[in-house]
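Single-structure report; data block below.
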Amino acid sequence: MHMSDLHIKEHEPLAKHTVFRIGGPARFYADVDSRDQWIAAFSFAEDHGVPWMVLGAGSNVLVSDAGFPGLVIHPVGGGVRHENGVVEADAGVSMARVVADTLVHGLRGFEWAIGVPGTIGGSVVGNAGCFGSEMKDVVVSILAYDTEARAARDVPAAACAFGYRDSMFKRAPQLVVLAARLALQPGDAARGQELVRAYTFKRHAGQDIGAQTAGCAFKNIPWTRRDIDKDAVLRQFPDVGRSGTVPGIAAGLLIDRAGLKGYQIGGAKISERHGNFIINVGNARAEDVVMLIALAKERVHRMFGIFLEEEIRYIGFEDSATEREPLAKRG
Ligand SMILES: Cc1cc2nc3c(=O)[nH]c(=O)nc-3n(C[C@H](O)[C@H](O)[C@H](O)COP(=O)(O)OP(=O)(O)OC[C@H]3O[C@@H](n4cnc5c(N)ncnc54)[C@H](O)[C@@H]3O)c2cc1C
């Protein structure tokens with residue numbers, strides 16, 4: 001292990017590393033670009049008795065104003081490999097880069113991912129998706145590192161328990177995504193490029209491109225959610241069912257109906273264009289976002305009797321699910 005290769009920064013502002021541009025400092029922060037460096041990072045957290053977490057592109061997280069009291073591990077670099085028709089992409093590679101790479105290799109089926117501003121690792125964890133496709137449609141298996149067993153292992157797609165913006169990785173804090181293997185189909189790259197342009201255009205039409213945000217703050221509400229009485233909702237609000245591409249109720253529509261588009265607390269504002277986007281319009285604090293989230297939940301529940309559930313993940317707050325306890329020291 002080349003521990004010395006690991007460069008640890010101290011008190012690194014996480015606002016620099018999130019798309020929201022919000023978040024206090026990480027006590028420790030390390031870029032990792034190889035298996036050895038991942039392992040060196042886990043050892044560092046263990047030796048210092050601090051919690052740790054992985055941060056991808058920081059496009060789906062809200063980091064608290066207090067920051068994170070442990071080690072933030074940030075995969076960088078990495079590559080995309082092709083073997084027997086299967087594409088293997090390292091965790092830190094951006095979704096857009098994989099789209100570009102697969103089209104160059106004449107592979108189709110990943111175009112939808114062009115506008116998801118995250119890494120492969122973060123997108124596996126949250127089963128990212130849009131335009132009717134999601135990671136679970138293309139993942140064959142995940143190369144994961146098990147920090148308890150201290151070994152890498154292959155997790156087949158069937159064992160990933162992918163669901164709507166969900167996977168078992170959210171509930172298996174000992175597992176880190178090192179790489180994903182994707183199955184795509186050979187096809188006409190020019191047609192793929194056209195699709196990429198069409199998806200990009202659609203996104204520009206409906207979202208605030210380039211804004212400081214964390215994407216959708218809330219999950220949309222599938223009709224299958226146990227607390228949702230579809231008939232009762234549609235009787236009361238007939239147009240709520242017409243949410244375009246969302247199979248269920250679009251959270252953004254509920255927030256819009258609750259009259260909250262454009263509502264601002266401190267530096268955080270609910271987008272005028274997309275009710276599910278919270279935007280940092282300048283020097284927003286995490287606390288502003290937290291209050292806006294609470295307000296949206298309260299108003300939507302009061303109006304529709306529906307509980308909104310966060311899609312974004314909290315870091316550095318009490319009970320943040322994304323943080324890992326210090327690793328048990330080996331005697
Ligand atoms: C403008 C905008 C548009 C968006 N559009 C979409 C969309 O269309 N569809 C969609 O699904 N999402 C969308 N998102 C949300 C976000 O881009 C996705 O959820 C993305 O997959 C998150 O990846 P990330 O690398 O940024 O993860 P991060 O935000 O860095 O992390 C997310 C979670 O994954 C964990 N994690 C990250 N990497 C690893 C790893 N290697 N191993 C273990 N855990 C890891 C983190 O600890 C954290 O809990 C959008 C966001 C923005 C800002």
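One-based numbering, in listed order, for ligands and for the atoms of each.
In this structure, Gly126 does not count as a contact residue of ligand 1, since none of its heavy atoms falls inside 4.0 Å of the ligand. Remark: distances from the non-hydrogen atoms of Met95 to ligand 1 are all 4.0 Å or more. Residue contact check for ligand 1: Arg203 places a non-hydrogen atom closer than 4.0 Å to it. Heavy-atom separations between Gly58 and ligand 1 include at least one value shorter than 4.0 Å.
With respect to the salt-bridge test (charged N to carboxylate O, under 4.0 angstrom), the residues Arg197 and Glu194 do not qualify. Under 4.0 Å is where a charged nitrogen must lie from a carboxylate oxygen, and between Glu46 and Arg150 at least one such pair does.
Side-chain contact check for Asp208 and Ser271: at least one donor-acceptor pair (N or O, by modelled atom type) lies under 3.5 Å. Checked by atom type, the side-chain pair Tyr29/His11 shows no donor-acceptor distance below 3.5 Å.
Ring centroids of Trp38 and Tyr145 are separated by 6.0 Å or more, keeping the two rings apart.
Within the structure, the salt bridge (charged side-chain N to carboxylate O under 4.0 Å, His left out) test picks out the following pairs touching residues 81-93 (sequence neighbours left out): Arg81-Glu88, Arg81-Asp90, Glu88-Arg181.
Contact annotation for Ala91 and ligand 1: only side-chain heavy atoms (C-beta onward) come within less than 4.0 Å of the ligand. Contact annotation for Arg165 and ligand 1: only side-chain heavy atoms (C-beta onward) come within less than 4.0 Å of the ligand. The proximity of Ser123 to ligand 1, defined as any non-hydrogen pair under 4.0 Å, involves the side chain as well as the backbone.
Against a heavy-atom cut-off of under 4.0 Å, Gly215 is close to the following atoms of ligand 1: 2 (C), 50 (C), 51 (C), 52 (C), 53 (C).
By heavy-atom distance, the residue among Gly129, Gly56, Ala128 lying nearest atom 9 (N) of ligand 1 is Gly129.
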In residues 290-299, what donor-acceptor pairs under 3.5 Å come from side-chain atoms, sequence neighbours left out?
unit_1: Lys297; atom_1: NZ; unit_2: Glu310; atom_2: OE1; d: 2.9
unit_1: Lys297; atom_1: NZ; unit_2: Glu310; atom_2: OE2; d: 3.0
unit_1: Glu298; atom_1: OE2; unit_2: Arg302; atom_2: NE; d: 2.9

